[in-house]
Asker: 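I have a structure here, written as structure tokens, and I will follow up with some questions on it.
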2 protein chains.
Amino acid sequence: MTDLYNFLDQHYKIAPTSKLALDEICISSSLKKNELLQNFGQTCKTIYFLKEGIARIFYLKDGIDITESFSFQGNIIARVESLFTGKPSQKAIQILEDAEIIAINATKLFKLYDTHHDIERLFRIIFEHAYVDTVNRIESIQFHSADERYKALLDETNYVQRIPLKHIASYLGITQVSLSRIRANIK
Amino acid sequence: MTDLYNFLDQHYKIAPTSKLALDEICISSSLKKNELLQNFGQTCKTIYFLKEGIARIFYLKDGIDITESFSFQGNIIARVESLFTGKPSQKAIQILEDAEIIAINATKLFKLYDTHHDIERLFRIIFEHAYVDTVNRIESIQFHSADERYKALLDETNYVQRIPLKHIASYLGITQVSLSRIRANIK
DNA sequence: CTATTCCTTTAACAAATGATAAATAATTAT
DNA sequence: ATAATTATTTATCATTTGTTAAAGGAATAG
């Protein structure tokens, strides 16, 4: 749990008793490459923290696999469009590199919000920051060429090298052929 | 304040005493077309509710005016990337049609969070929903042609007709020339 | 270790959008 | 009402990205 608390503390510090309450609703587990952490059609009722490994959220558009986002070591991953609406998610979460995760039961978490004001505040702040990241990502998508977005992604994280090109291409909103071409031009 | 409470109640109902506390930190005012509600460089410390009128958030990219979002009657507007980080905003808010607004003092609002748990919850939920809208918008930008996005925007709201084409073009991430061409093809 | 499958690259052509310039239309200020 | 400014359309050409197909590489299962 230490890694998770390091992450949480960065956003807002909660009382020791609140940490104990959080402990109660967390489960650790290991997953292998390519396993699905969550499948299509399920309503999202879990927030995951990645102690180790890489994961992605993806969906199928006209039968084509589109990566919505990646998550790396030390971050959380959740299908917020389902978590915050209670509707079934049309997205799935897949492990891209063997992972150690902590699953936070969101149903129980939301109940803890009633009794532990600081836990509600903590997660409010976490998701506010995630919201800001998403607003910034729109600018990146909308006003940069595919070439610029790829270079920016390379600068952002060196995990990129380990992710299959096709996932990066769909994340960037372009075809694999196009990304391959961009890569060739960079060299 | 009735319009504002209708909006707030849709998300989460707060206690009458909490409404009174909210009243204390709200100020109504009128603004004319083209006025700036907030200017570049200020840190965002106000959340606005639009009782009437149209507003947009915009910024300058390489000197070019880019519209990030529109807000219409019955909705709120805020520069969240500043509101949630405390950093100065590189964006401005402009009135596009004469407006009646309610300004909510965010600094005071955040203080109310400590004493009125339900107010914190209300705004948590409001911004969670705004976050979901933003996540969905990414899909819209990334996997639809400019033509499709324009048509979707037309379906979404008929306020579009009243907004200058150049603002819609930059919102859609294309040039005005390109949007004009798309419009011509639709007819 | 080999065969199979999946992933990535390359090429040729098509389609969408950008850039620039100029003409027309609409709005605003005087 | 008129002039000045601002917004929109149209046209041409350049660039980027998509589409399809085929070949070469890498990973995986048996």
Side-chain angles (χ1 to χ4, degrees), chain A residues 31-36 53-54 56 58 60-67 70 94-98 138-154 159-187, chain B residues 31-36 53-54 56 58 60-67 70 94-98 138-154 159-187:
Chain A
L31 286 114
K32 288 281 170 195
K33 184 171 172 179
N34 290 329
E35 281 188 74
L36 286 188
I54 301 179
R56 68 177 184 124
F58 71 107
L60 299 177
K61 181 177 169 57
D62 307 329
I64 295 167
D65 176 321
I66 306 281
T67 295
F70 297 108
Q94 185 185 39
I95 299 299
L96 293 181
E97 263 187 21
D98 295 2
I138 287 188
E139 197 212 317
S140 144
I141 297 173
Q142 209 155 15
F143 305 108
H144 293 89
S145 65
D147 176 89
E148 290 170 319
R149 278 177 276 148
Y150 178 62
K151 285 175 184 159
L153 190 64
L154 283 178
Y159 291 110
V160 176
Q161 280 79 349
R162 304 201 230 143
I163 299 172
L165 170 141
K166 59 175 182 173
H167 296 330
I168 295 172
S170 69
Y171 173 77
L172 293 174
I174 55 177
T175 60
Q176 352 182 167
V177 175
S178 203
L179 180 54
S180 185
R181 197 158 31 190
I182 286 168
R183 261 191 187 171
N185 282 333
I186 288 176
K187 280 172 208 154
Chain B
L31 285 113
K32 289 282 171 198
K33 183 170 172 179
N34 291 329
E35 281 189 73
L36 286 188
I54 301 180
R56 68 175 183 126
F58 71 106
L60 299 178
K61 181 177 166 58
D62 306 330
I64 296 167
D65 176 322
I66 305 281
T67 295
F70 297 108
Q94 185 186 37
I95 299 300
L96 292 181
E97 263 188 22
D98 294 3
I138 287 187
E139 198 212 317
S140 145
I141 296 171
Q142 209 154 13
F143 305 108
H144 293 89
S145 65
D147 176 88
E148 291 170 319
R149 277 177 278 148
Y150 179 61
K151 286 175 183 160
L153 190 64
L154 283 177
Y159 290 110
V160 177
Q161 281 78 348
R162 303 201 231 144
I163 299 172
L165 171 140
K166 59 176 183 172
H167 296 332
I168 295 173
S170 70
Y171 174 77
L172 293 174
I174 55 178
T175 60
Q176 357 183 162
V177 175
S178 203
L179 180 53
S180 185
R181 195 159 33 190
I182 286 168
R183 261 191 184 172
N185 282 333
I186 287 177
K187 281 175 208 151

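In what follows, chains are A, B, ... by sequence order, proteins preceding strands, each numbered from 1. The analysis underlying the following values was restricted to heavy atoms, covering all of them including side chains, and did not include hydrogens, waters or symmetry mates.
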Asker: Would you mind reading off the bend of the helix from C:dC1-D:dG30 to C:dT30-D:dA1 from its two end axes, five pairs each, to 10 degrees?
Answerer: 60°
Asker: Can you list, pair by pair, the side-chain donor-acceptor contacts under 3.5 Å of residues 175-182 of chain A, counting residues two or more places apart and other chains?
Answerer:
{"unit_1": "A:T175", "atom_1": "OG1", "unit_2": "A:S178", "atom_2": "N", "d": "3.1"}

Asker: Give each protein N/O atom lying under 3.5 Å from an N/O atom of nucleotides 28-30 of chain D, with the pair distance.
Answerer:
none

Asker: For B:F70, check ring pair (Phe, Tyr, Trp, His ring centres under 6.0 Å) against everything at least two apart and list the hits.
Answerer: B:Y171
Asker: Give the residues of residues 169-181 of chain B touching DNA chain C, defined as any heavy atom closer than 4.0 Å, sorted by residue number.
Answerer: B:G173, B:I174, B:T175, B:V177, B:S178, B:R181
Asker: Considering residues at least two apart in sequence or located in another chain, which fulfil the side chain to side chain donor-acceptor pair (under 3.5 Å) criterion with B:S140?
Answerer: none
Asker: What is the first contacted nucleotide of DNA chain C and what is the last, in 5' to 3' order, if contact means an atom lying under 4.0 angstrom from a heavy atom of chain A?
Answerer: C:dC7 to C:dA12
Asker: Taking all non-hydrogen atoms of both residues, which atom of B:I54 and which atom of B:R162 are closest, and how far apart?
Answerer: CD1-NH1, 4.2 Å
Asker: Going by the rule side chain to side chain donor-acceptor pair (under 3.5 Å), which residues pair with A:E139 if we only count those two or more places apart in sequence or in a different chain?
Answerer: none
Asker: Which residues satisfy the side chain to side chain donor-acceptor pair (under 3.5 Å) test with A:K166, sequence neighbours excluded?
Answerer: none
Asker: Would a 4.5 Å heavy-atom cut-off, applied to side chains only, mark A:L60 and A:D65 as touching?
Answerer: yes
Asker: Rounded to the nearest Å, what distance is computed from the OH atom of residue A:Y150 to the P atom of nucleotide D:dT17?
Answerer: 14 Å
Asker: So, using ring pair (Phe, Tyr, Trp, His ring centres under 6.0 Å) as the criterion, who are the partners of A:F143 when residues are at least two apart?
Answerer: none
Asker: Grab the N/O contacts between the protein and nucleotides 22-24 of chain D below 3.5 Å, and write none if there aren't any.
Answerer:
none

Asker: Could you pull out all residues at least two apart from A:F58 that satisfy ring pair (Phe, Tyr, Trp, His ring centres under 6.0 Å)?
Answerer: A:F40
